[in-house]
Amino acid sequence: MLMSRGFGLAALWSPFFVAMGLALTLAPGARLLPVSLGGLAVAMPALLLTGLLLCRRDDIDTFAGYPMHAEALRLPLLLVVIVAISHELAPALGIITLITISALLLPLAVLLRGNGAAGLRQYRAHIETTLPGMAGELLLFLAAGILTAGIASWVHFSGFTLQLTHFGALEAAGLVGFSALAASFGIHPLISVSSLAGMLLPITDNLDLLALSILMSWSLGVILSPCSGTHLAMQGRFGISGFRMMAWNWRFCLLLFALDALVLGLFERLGQGAA
């Protein structure tokens, strides 16, 4: 349960999750820093709420915790620092481009420094044997971009409209709620947000708000859906049914949706004040 909620909430702010790449792709022009901060405004209290709720369980005394040490955080934190500094020095480069370049070069530098030529062989072996296993995720990501562009073009030329003239916090909360409802029936948030983003782009002035609502849709959907990749992986590893995870998480998801809606309203107001 902790891993299910933790991974889902991390997608709200981390630039290294697929969800952030999807949000910045579907909302071209959205800014990483405001969107990440908006996601953190949800993730931090939601994690605190998760801890408080789990501490009330009768079997909490049998939970040994997860072994965490500083060395495991060194490389991810260094990657965050490099991307942040690079973005400040070269703002013309897209944040996804910077993440891609940094994620390729930093592990290579670490392996070469620690193992020399053997590290280079490890790096090559990882590219040739491990990365091809992620082809499915890459295809999903590319398909989402194509689907969004196609729907946006269809909306433009067909004259179809959602009967909306404005995309604000209320509409953003509706997007999150609809995606969560679809996820409960097994429809991945990637499909629902990709489809709707193409219709919302023509009426969206606040791309940061759209990107944040996409992150919230992904986060809430993967925590709730019995068919999310996270739950399927845990089903294979721990033998816990995705529907059982859904039964454990649905009340938490109601609270998370309320928190999402609150933060979206504050995010819109802060954006209007800054403008």
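Side chains included, hydrogens not; waters and symmetry mates left out as well; all remaining heavy atoms used. These numbers come from a predicted model, not from an experiment.
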Item to check | Separation between CG of D208 and CG of L270, rounded to the nearest 0.5 Å | outcome: 12.0 Å

Checklist entry - If we only count heavy atoms from C-beta on, is the L111 to L120 side-chain gap below 4.5 Å? => result no

Item to check | Exceeds 12 heavy-atom contacts within 6.0 angstrom, atom CZ of F17 | outcome: yes

Checklist outcome for this item: To the nearest 0.5 Å, atom CD of E171 lies from atom CG of L209 at 9.0 Å

Next on the checklist: List the residues meeting ring pair (Phe, Tyr, Trp, His ring centres under 6.0 Å) with W13, not counting sequence neighbours, and say none if there are none.
Outcome noted: none

Checklist entry - Once you round to the nearest 0.5 Å, how far does CE of M216 lie from CG of D260? => result 4.5 Å

Checklist entry - Under a 4.5 Å side-chain heavy-atom rule over Ile, Leu, Val, Met, Phe, Trp and Tyr, are L224 and L255 clustered together? => result no

Checklist entry - In Å and rounded to the nearest 0.5 Å, what is the CD1 to CD1 distance from I82 to I101? => result 12.0 Å

Checklist entry - Just by modelled atom types, is the I99 backbone N or O under 3.5 Å from a matching donor or acceptor in the S102 side chain? => result no

Checklist entry - Less than 4.5 Å apart, any side-chain heavy atom of F178 and any of L196? => result yes

Checklist entry - Any donor and acceptor pair, going by atom type alone, linking the side chain of T50 with main-chain N or O of A46 inside 3.5 Å? => result yes

Next on the checklist: Which heavy atom of L264 sits nearest to which heavy atom of A173, and what is that distance?
Outcome noted: CD1-N, 3.7 Å

Checklist entry - Can you get from I214 to L259 by hopping between Ile, Leu, Val, Met, Phe, Trp and Tyr side chains that sit under 4.5 Å apart? => result yes

Item to check | Verdict with supporting geometry, L22 and W218, side-chain contact (heavy atoms from CB on, under 4.5 Å) | outcome: CA-CA 9 Å; L22 178 71; W218 181 290; 3.7 Å; yes

Checklist entry - Tell me, do F167 and S213 make a side-chain contact under 4.5 Å, heavy atoms counted? => result yes

Checklist entry - Is a side-chain N or O of S219 found less than 3.5 angstrom from the main chain of L215, in a donor-acceptor match? => result no

Checklist entry - Got a sec, which residues hit side chain to side chain donor-acceptor pair (under 3.5 Å) with S179, two or more places apart in sequence or on another chain? => result S192

Next on the checklist: Restricting to non-hydrogen atoms, name the atom on A125 and the atom on T129 that form the minimum distance, rounded to 0.1 Å.
Outcome noted: O-OG1, 2.5 Å

Checklist outcome for this item: Rounded to the nearest 0.5 Å, the CH2 atom of W248 sits from the CD1 atom of I223 at a distance of 15.0 Å

Checklist entry - About how many Å separate CG of L200 and CG of L207, when rounded to the nearest 0.5 Å? => result 11.0 Å

Item to check | Non-hydrogen atoms of A183 and P226 that approach each other most closely | outcome: O-CD, 3.9 Å

Item to check | M246 with L256, same ILVMFWY side-chain cluster at under 4.5 Å | outcome: no

Next on the checklist: Under the criterion side-chain contact (heavy atoms from CB on, under 4.5 Å), I'd like the reasoning laid out for M20 against V35: C-alpha separation, chi angles, the key distance, then a yes or no.
Outcome noted: CA-CA 9 Å; M20 182 64 77; V35 174; 4.3 Å; yes

Checklist entry - Between L40 and P45, what is the shortest heavy-atom contact and its length? => result O-CD, 4.0 Å

Next on the checklist: Show the nearest heavy-atom pair for residues L47 and G6, with the distance to one decimal.
Outcome noted: CD2-CA, 4.4 Å

Next on the checklist: Just so I know, are the side chains of L112 and N115 near enough to count as touching, which here means a heavy-atom distance under 4.5 Å?
Outcome noted: no

Checklist entry - Given side chains that start at C-beta, do those of N206 and L210 come closer than 4.5 Å, heavy atoms only? => result no

Checklist entry - Do L37 and F267 come close enough that some side-chain heavy atom pair is under 4.5 Å? => result no

Next on the checklist: Are I203 and M199 linked, directly or through intermediate hydrophobic residues, by side-chain heavy-atom contacts shorter than 4.5 Å (ILVMFWY only)?
Outcome noted: yes

Checklist entry - Which atom pair, heavy atoms only, marks the closest approach of S4 to N249? => result OG-ND2, 3.0 Å

Checklist entry - Honestly curious: do L78 and V80 fall in one hydrophobic cluster under the side-chain, below-4.5 Å linking rule? => result yes

Checklist entry - Any donor-acceptor pair under 3.5 Å linking the side chain of E268 with the backbone of G265? => result no

Checklist entry - Going by heavy atoms in the side chains, are I85 and L89 under 4.5 Å from each other? => result yes

Item to check | S225 vs M245, side-chain contact (heavy atoms from CB on, under 4.5 Å): CA-CA, chis, key distance, verdict | outcome: CA-CA 8 Å; S225 174; M245 296 297 300; over 6 Å; no

Next on the checklist: With a 4.5 Å cut-off on side-chain heavy atoms, are F257 and V176 touching?
Outcome noted: yes

Item to check | Residue pair L26, L201: steps toward the side-chain contact (heavy atoms from CB on, under 4.5 Å) verdict | outcome: CA-CA 8 Å; L26 298 183; L201 272 176; over 6 Å; no

